[in-house]
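Reading through the structure tokens given below for one structure.
Per chain, numbering begins at 1; letters A, B, ... match sequence-line order.
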Amino acid sequence: MATELPKAYDPKAAQEKWLTFWEQKGYFHSEPDPAKKPYTIVIPPPNVTGALHMGHALNNTLQDVLIRWRRMQGYNALWMPGTDHAGIATQAVVERQLLQQEKKTRHDLGRDELVKRIWQWKDQYEARILGQLREIGASCDWKRTRFTLDPVCARAVRETFFKMFRDGYIYRGKRLVNWDTHLQTSVADDETDTVPTKSGFWTFKYQVLGEPGASATGDPVFISFSTTRPETMLGDTAVCVHPSDERYKALVGKLVLQPHTGRKIPIIADGQLADPELGTGCVKVTPAHDPNDYACWVRHPEIGIINILNPDGTINDAGGEYKGLDRYKAREAVTKKMEELGLYVGKEDREVPLKISDRSKTPIEPYLSDQWFVKMADRTDGKPGLAQMAMDAVTGGRVKFFPERYADGYLAWLGEKRDWCISRQLWWGHRIAVWSRTFADQKTFEDTLALEAGTWASLPHVAWTTQDDTRTVHICLAHDDQDLIAALTADGFAQSDDVLDTWFSSALWPHSTLGWPGPTLPETNPQRKAPDWDALRSYYPTSTLVTSRDIISLWVARMVITGLYNVGNIPFSDVYIHPQMQDAFGNRMSKTTGNGIDPLDIVDRYGADALRYQMVALAGDTQDSRMPVSNVCPHCDTLVPIKQEHLSGRTKKLVCPNCKKPFRPGGPWTSEDPELITAKQASDRFDQGRNFANKMWNATRFMLMNLDGYTPGPVDVATLPTEDRWLLSRLATTTKAVTAALEAYRFSDVARLVYDFVWSEFCDWYIEMSKGRLKAPATRAPAQRVLTGVLDGILRLVQPVMPFVAESLWHALGEVAPERGLPTPAKAEESVAIAKWPTYPDAWIDAPVEARFARMQDLVRSVREVRNRYQVDDKTKLDVTVKCADAVAADFNALAAFIGPLAGIATLTAGPNVAKPKQAGGIVRPEFEAYVSLVGLIDPAAEIKRLEKQMADKRKTLDGTRAKLSNEKFVSAAPPEVVQQQRELVADLEKQLAALEENLKDLQTA
RNA sequence: GGGCGAUUAACUCAGUGGUAGAGUGCGUUCUUCACACGGACGAAGUCACAGGUUCAAAUCCUGUAUCGCCCACCA
């Protein structure tokens, strides 16, 4: 007797066992190998800010499916794992923790100490993230794990920055940034939230100066304007009206008095800034503190630009008597002064959109600051324009998007060719390697340049540029030349405090992790492997990038840019964009709203295979995919679906509808609540995957119980019975379709195809049919060979999606049938993770056999339906007579050995001339003229009603189709095969209706 | 405001011109020797709405509505 498997699949045991096994075998490590074609994926590095969520589970499962599949296909498959330092997000989370736990700011700690703390945080969360990836079965090459601040990456960042600086792509410029006054850093637009906030809408007036400062009546003339931020009046450099606004036409060009500062500022006309319909139609212009005003200043630079804020949000010297006041205090003071001067017109309460920093949760100030930029525009000096270069890669088809439509967004964004601000006022990140000195006077500036420029120009690792308006020299070093740095420092140069935008290092990820700019850098971590030119040559460009659409511009576009710029080649040929997950109500999942699910909750409850199966199943080509979430009652394990009302305002307590006990819903809680147990989260969407794993487990279990005496041997398909040929036809078809779906990134098709084949065709039909054959010695051996051979193929097909259950069953099967396979058996590989991806001969695909089998299935289902409708118990065998063509009868006879047991038929008589039995029960299914002997089991009235309804439906279809066929236009315009098909349909329906009619008569006379 | 996507059974989704599909759930039934995380059978849909193209529309076109995502804007 073969080894017996437990009755149910135990995911936990399997996961632990096979993770260790795979690692020991080293299957996932890849080395450059000229004999094999490479297939490479670099992971979108998760931020080290926290744990992985469901979006990561989706993203990484899909990558793993591709990698495992290509590995089986014989590619040299490399999946490069790693994490991202996520500058602002990580620093903010550590700073927040520092403030909460120690009541300290980063300035209390100092740069070195804070960075040290963040490294500690990083080590902790990196380990956690990599552990989570491992747990869901990600077959990454862990030896190549990278972090965006690794020396390997730092070197690439330094090199890229230097090259871009030298080539004139990087420049110093002013930029109105989102300034976080609390963290004292600029933040990106997407790192802010806009929240409606109660505030005011003030209206003031400025007095118009000029000849002779009066109206016709001699009274002073005023111009009024509205604002939501009165304190910015301190920085006003103009007031602006629409050029076609008749009310103000006469005033354009005159000056007004800014009363707080005493400045005389002009009235200008600008159609883009002022809207005559809004407010007074006149608007004040504060270029340094408002994005629109800034844009106005760019159009009218003569008005000037005045910064009134210090980095901490207090008013600076430009604010005169208001200097040192916090901006909100200044707002009051400035307003009060206007009241005193009689320039205050009014105020209404209004809800205004206020930009809040995601990280510090404090209001953002638009703030003018010096930043480093990468120039994206086309160039006139023959060097390529970066944006255009990346656009050409997509329009030229070298980089392809799946689904294609995402290319449009990519091209539209790049088409704006907006420069990329790459400096961040942070401590956590790649520090910018630029040393700068601002000279106090023009002469020293020029003298120094005259003296030093020649020296700098002669050094290949030095690039320099000047900012003439501020008399500043910027020197960029390709590497830390300590002597030069010492000399520069002695000369008054200081290194920039800024670090680079996180996306700058992420943009290099595909080539920096593969060793660019080579050669080998000494590796400090003994467990990891340093990349070199060889790796870059072998694995670059990578094959597929798998990501979600929200970072197509931030990340994908920039990888294409730097790949082309640094390596001279695209970073990847395919970009697959997967859907985003939403909750049951179409809202995006997030921890803070509590509608997300922790993937490890799912692994724990349903198993990693179930999680992965579901991720694959929902990855269709639409943008979004919904996942209803439930809380698991910690008392009685009931699933309590999350309702819309639970989400608004975060319900803190739920009562289980089943056991009536209270619990705290799962969500963004940072700690346990001793009073109220916190629920884990779940979703019954994962049932399907869990059940599927168990189904395969039990199919294998059945086989192991029936493989006594198994001997391997070749199988000649042509001589096999119909059901075997049907199964092999289905296997070959399915395998081909699965392979095609993977090639086209149609993941949901993969899940569906495999599921249907295994469950419906293999288990429900073939295994059931094999039971009889396995009992008879004469037919046992071929059935065993087909069963093991097909299961072998199934496990291979399933491995990329559900590797744990596949590996478990592979080994279980291997114990009994180590040699197996179709058509010729071979020794099975030691692991399905490295087994060959299956392919079967096209000749196996046999449409006539499938058609015959479908008829048999129809008959079986029909008889079962009758049994069920008339409540005939299973022990009662039925006699069935089928009137049909000879060919069909032959099929039935060929399959009679199975039809009987499957449908509980005692005698089956089939042929064109069979006589209807004297006491027929009813028509089994109108597709056949089939009669079942059912004595005394029919309720004629109910049956007549049912038949009439059925006949009415058929007649409707028949009439419609007949009308269609009698239409000359249809017959002439439609393709001949369609016309033929419709004719057959009519004939079929007529036959069915006639049979139903006859049956109805029988019933009426009974 | 612009772009993209969605709207098909109670739920989650397939279905791109020719008789409406699956899984879950639901109902009936079966705990007989792979699996109750199971087997068998069944009920359930004006394919969001309105026009148009076509012999023929869930499918193609136009518009409307609702929902979602991205981008821009909001003195």
Quiz item: Once you round it to whole Å, what is the distance between P of B/C69 and CG of A/Asp550?
Solution: 11 Å
Quiz item: To the side chain of A/Ser625, which of B/A34, B/G18, B/C13 is closest?
Solution: B/C13
Exercise. Report the distance from atom NE2 of A/His300 to atom SG of A/Cys240, rounding to the nearest 0.5 Å.
Key: 6.5 Å
Exercise. Kindly say if A/Arg864 contacts the phosphate of B/C41, meaning a side-chain N or O under 4.0 Å from OP1 or OP2.
Key: yes
Self-check item: Among B/U12, B/A34, B/U29, the one nearest A/Gln871 by side-chain distance
Solution: B/U29
Quiz item: Can you find a side-chain donor-acceptor pair between A/Gln980 and A/Glu984 that sits under 3.5 Å?
Solution: yes
Practice problem: Using a cut-off of strictly less than 4.0 Å, decide whether A/Lys775 has a side-chain nitrogen or oxygen near OP1 or OP2 of B/C33. | Solution: no
Practice problem: Please lay out, stage by stage, how A/Tyr9 and A/Asp609 fare under the test side chain to side chain donor-acceptor pair (under 3.5 Å). | Solution: CA-CA 11 Å; A/Tyr9 172 52; A/Asp609 291 316; 2.6 Å; yes
Practice problem: In whole angstrom, give the distance that lies between atom OH of A/Tyr9 and atom P of B/A36. | Solution: 17 Å
Exercise. Find the distance A/Arg685:CZ to B/A22:P and express it as a whole number of Å.
Key: 17 Å
Quiz item: Just to confirm, is there a sub-4.0 Å distance from OP1 or OP2 of B/G38 to any side-chain nitrogen or oxygen of A/Asn691?
Solution: yes
Quiz item: Considering only side-chain heavy atoms of A/Trp759, which listed nucleotide, B/A36, B/C67, B/G38, is closest?
Solution: B/G38
Quiz item: Rounded to the nearest Å, what distance is computed from the CZ atom of residue A/Phe692 to the P atom of nucleotide B/C35?
Solution: 18 Å
Quiz item: Which nucleotide, in any strand shown, forms a Watson-Crick or G-U wobble pair with B/A57, with both distances under 3.5 Å?
Solution: none
Practice problem: Using a heavy-atom cut-off of under 4.0 Å over every strand shown, decide if A/Arg405 touches base, sugar-phosphate, or nothing. | Solution: sugar-phosphate
Quiz prompt | Watson-Crick or G-U wobble partner of B/A40, both distances under 3.5 Å | solution = B/U28
Quiz item: For B/G68, does either OP1 or OP2 sit under 4.0 Å from a side-chain N or O belonging to A/Arg549?
Solution: no
Quiz item: For the atom pair CG (A/Leu707) and CZ (A/Phe702), what is the distance rounded to the nearest 0.5 Å?
Solution: 9.0 Å
Exercise. Establish whether the base of B/C35 is bridged to the side chain of A/Lys695 by a donor-acceptor pair shorter than 3.5 Å.
Key: yes
Exercise. Look at the side chain of A/Asp764 and decide which nucleotide, out of B/A40, B/C35, B/G23, has an atom nearest to it.
Key: B/A40
Self-check item: Side-chain N or O of A/Thr622 closer than 4.0 Å to phosphate OP1/OP2 of B/A14
Solution: yes
Quiz item: Does a nitrogen or oxygen in the side chain of A/Trp697 sit under 4.0 Å from OP1 or OP2 of B/G38?
Solution: no
Exercise. Can you tell me the pairing partner of B/C69 across any strand shown, Watson-Crick or G-U wobble, with both distances under 3.5 angstrom?
Key: B/G3
Practice problem: Name the pairing partner of B/A50, where a pair is Watson-Crick or G-U wobble with both distances under 3.5 Å, or state none. | Solution: B/U62
Quiz item: Nearest of B/U19, B/C35, B/C67 to any side-chain atom of A/Arg626?
Solution: B/C67
Exercise. Taking only the side-chain heavy atoms of A/Arg690 (C-beta and beyond), determine which of B/A36, B/C37, B/G18 contains the nearest atom.
Key: B/C37
Quiz item: Is there a side-chain contact between A/Phe401 and A/Ile577, using heavy atoms and a 4.5 Å cut-off?
Solution: yes
Quiz item: In terms of side-chain heavy atoms, does A/Ser226 have a donor or acceptor partner in A/Thr203 at a distance below 3.5 Å?
Solution: yes
Quiz item: Applying a 3.5 Å limit to both distances, which nucleotide forms a Watson-Crick or G-U wobble pair with B/C13?
Solution: B/G21
Self-check item: Spacing of the P atoms in B/A6 and B/A48 (rounded, Å)
Solution: 12 Å
Quiz item: Checking only heavy atoms, does the side chain of A/Gln688 share a donor-acceptor pair with the base of B/A22 at less than 3.5 Å?
Solution: no
